[in-house]
2 protein chains.
Amino acid sequence: MKLNKASLFALIAVLELAGDTAKQLSTTDIAQKHGISAHHLAKIMRNLTHAGLVQAVRGAGGGYRFSGNVRRTTLLDVIQLFETLESELDIPHWGSDGDPIIVELQSITSEIDNLTKAVLDTITLATALKNTRIRAELMTNSA
Amino acid sequence: MKLNKASLFALIAVLELAGDTAKQLSTTDIAQKHGISAHHLAKIMRNLTHAGLVQAVRGAGGGYRFSGNVRRTTLLDVIQLFETLESELDIPHWGSDGDPIIVELQSITSEIDNLTKAVLDTITLATALKNTRIRAELMTNSA
DNA sequence: TTCAAAGTGGTATTAAAGTACCGAAATATT
DNA sequence: AATATTTCGGTACTTTAATACCACTTTGAA
């Protein structure tokens, strides 16, 4: 499960904003808090806006706020905006002749894809946030 | 499940050779049969040799033959020679400060990794070959 | 009007993967 | 013994995708 940075940054931002739906944060706020590239994040935030997951507030004092359903949107919903998760064992010029070995490998990898997607689709933002809160508490207690 | 070509080629070659353990094929034989780059495959075959999965026969008329256990070696055994399957959400300079969001994402992706590995580890070469034979038969019957 | 923020488009840099090539060693055939 | 075939090891080139960066525009609040 190698997430590209786009998906990763998107998940970070979405979880950050979804953690408190009243909060409004600029890209630089989020980027600094998590130590990631503000420039890169900016582009990603636009995608999230178009997808309707966050709402952009322009102008001075603006930023982003979460505008989705925390208990309905899953990690898969976020990730799929930035990568396909499909197998694509691209061997250029066939698929045409149906090499049985390739077909078998295709079938296996796509089965794994489905499994992966199923897992990601059962984890809502609310679920993930609950875990992060538990972790956060554990940290402050031990400190 | 995006396999890089190295893993993919390795799987093709191993399944090809394991399909008939008496068979001895040169890299160009295998490459031509499946329409893949012979150069690239050559390197991969060396790795497979070192890993003990295939045996190299040098000289004229030489080639490779399978030298593993068809019912014991799994797809995971082959794939792991060429890629790691670990998550590595590499955010450069921490992990140190234990950002709860990142930690949660780490935990999720590594859970998926384990699932993926588990699946690949239950599929032996024998299992995969059985399926390819079934497919091959279906094709000849329908033709 | 000024300033801070998002929005847009384009370019540059980097990293990884894939591909190609070469010379050398081994060995089977003639 | 000579020759052809094939693996072996290493190296260099090409291609592609990901990532980072920059300049400019638009918007809205103070």
Side-chain angles (χ1 to χ4, degrees), chain A residues 2-10 12-13 17 23-32 34-67 79 81-86 88-93, chain B residues 2-13 17 23-67 79 81-86 88-93:
Chain A
K2 180 158 168 44
L3 293 172
N4 61 28
K5 285 200 181 167
S7 321
L8 178 59
F9 286 11
I12 291 172
L17 292 172
K23 228 177 352 186
Q24 189 174 47
L25 298 173
S26 71
T27 56
T28 53
D29 289 338
I30 299 174
Q32 278 181 6
H34 295 96
I36 64 185
S37 156
H39 285 295
H40 197 183
L41 181 59
K43 254 187 204 158
I44 291 161
M45 295 312 292
R46 272 171 251 146
N47 287 15
L48 292 175
T49 306
H50 292 144
L53 279 172
V54 300
Q55 185 183 357
V57 179
R58 299 178 68 157
Y64 292 93
R65 60 178 47 177
F66 183 74
S67 68
I79 291 175
L81 298 173
F82 300 94
E83 52 191 310
T84 154
L85 297 186
E86 303 302 324
E88 352 155 4
L89 307 189
D90 55 339
I91 311 288
H93 45 93
Chain B
K2 181 158 169 42
L3 294 173
N4 60 28
K5 285 201 181 166
S7 321
L8 177 58
F9 287 9
L11 285 170
I12 292 173
L17 292 172
K23 226 175 357 183
Q24 189 173 55
L25 297 173
S26 72
T27 55
T28 53
D29 289 338
I30 299 174
Q32 278 181 6
K33 173 158 184 184
H34 295 95
I36 63 184
S37 156
H39 284 297
H40 197 183
L41 182 58
K43 252 189 205 157
I44 291 161
M45 296 312 292
R46 269 173 254 146
N47 287 17
L48 293 175
T49 307
H50 292 145
L53 279 172
V54 301
Q55 185 183 358
V57 180
R58 298 176 67 155
Y64 292 94
R65 59 177 48 175
F66 184 74
S67 68
I79 291 176
L81 297 173
F82 300 94
E83 52 191 308
T84 153
L85 296 187
E86 302 300 324
E88 349 155 6
L89 307 187
D90 54 339
I91 310 288
H93 45 95

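Note: hydrogens, waters and symmetry copies are ignored here, and every other heavy atom, side chains too, is used. Every chain is numbered from 1 and lettered A, B, ... according to where its sequence line falls, protein lines coming before strand lines.
Under the rule for a ring pair (Phe, Tyr, Trp, His ring centres under 6.0 Å), His39(B) has no partner lying at least two apart in sequence or in another chain. Every residue two or more places apart in sequence or in another chain was checked for a side-chain hydrogen bond (donor to acceptor under 3.5 Å, both in side chains) with Gln24(A), and none qualifies. For Arg58(A), there are no side chain to side chain contact (heavy atoms under 4.5 Å, CB included) partners, not counting sequence neighbours. Remark: Ala38(A) engages Thr28(A), Ala31(A) in a side chain to side chain contact (heavy atoms under 4.5 Å, CB included) (not counting sequence neighbours). Applying the side chain to side chain contact (heavy atoms under 4.5 Å, CB included) test to Leu25(A) and every residue at least two apart in sequence or in another chain returns Glu16(A), Leu17(A), Lys23(A), Asp29(A), Ile30(A). Not a single side-chain hydrogen bond (donor to acceptor under 3.5 Å, both in side chains) links Gln55(B) to another residue, sequence neighbours left out. When the side-chain hydrogen bond (donor to acceptor under 3.5 Å, both in side chains) test is applied to Ser37(B), no partner is found at least two apart in sequence or on another chain.
Using a 4.0 Å heavy-atom cutoff across all strands shown, Thr27(A) reaches sugar-phosphate atoms only and no base atom.
Heavy-atom contacts of chain A under 4.0 Å fall on DNA chain C between two terminal nucleotides, which in 5' to 3' order are dA4(C) to dG10(C).
The minimum heavy-atom distance linking Ala6(A) with Ile44(A) is given by the pair CA-CD1, 3.7 Å. Heavy-atom minimum distance, Ser67(A) versus Gly52(A): OG-O, 3.1 Å.
Put simply, CG on Asp29(B) is 7 Å from P on dT6(D), counting in whole angstrom units. Rounded to an integer number of Å, the gap from CD of Gln32(B) to P of dT5(D) is 14 Å. Between Met45(B) atom CE and dG9(D) atom P there is a gap of 14 Å when expressed in whole angstrom units.
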Note to self: Protein within reach of the bases, or only the backbone? For nucleotides 13-24 of chain D, mark each nucleotide 5' to 3' as B, S or -, using heavy atoms under 4.0 Å.
What the structure shows: ------SBB---

Margin query: Walk along nucleotides 25-30 of chain D from 5' to 3' and tag each nucleotide B, S or - by protein heavy-atom contact under 4.0 Å, base first, then sugar-phosphate.
Written below: -BBBS-

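In terms of modelled atom types and a separation under 3.5 Å, the side chain of Asn4(A) and the main chain of Ser7(A) share a donor-acceptor contact.
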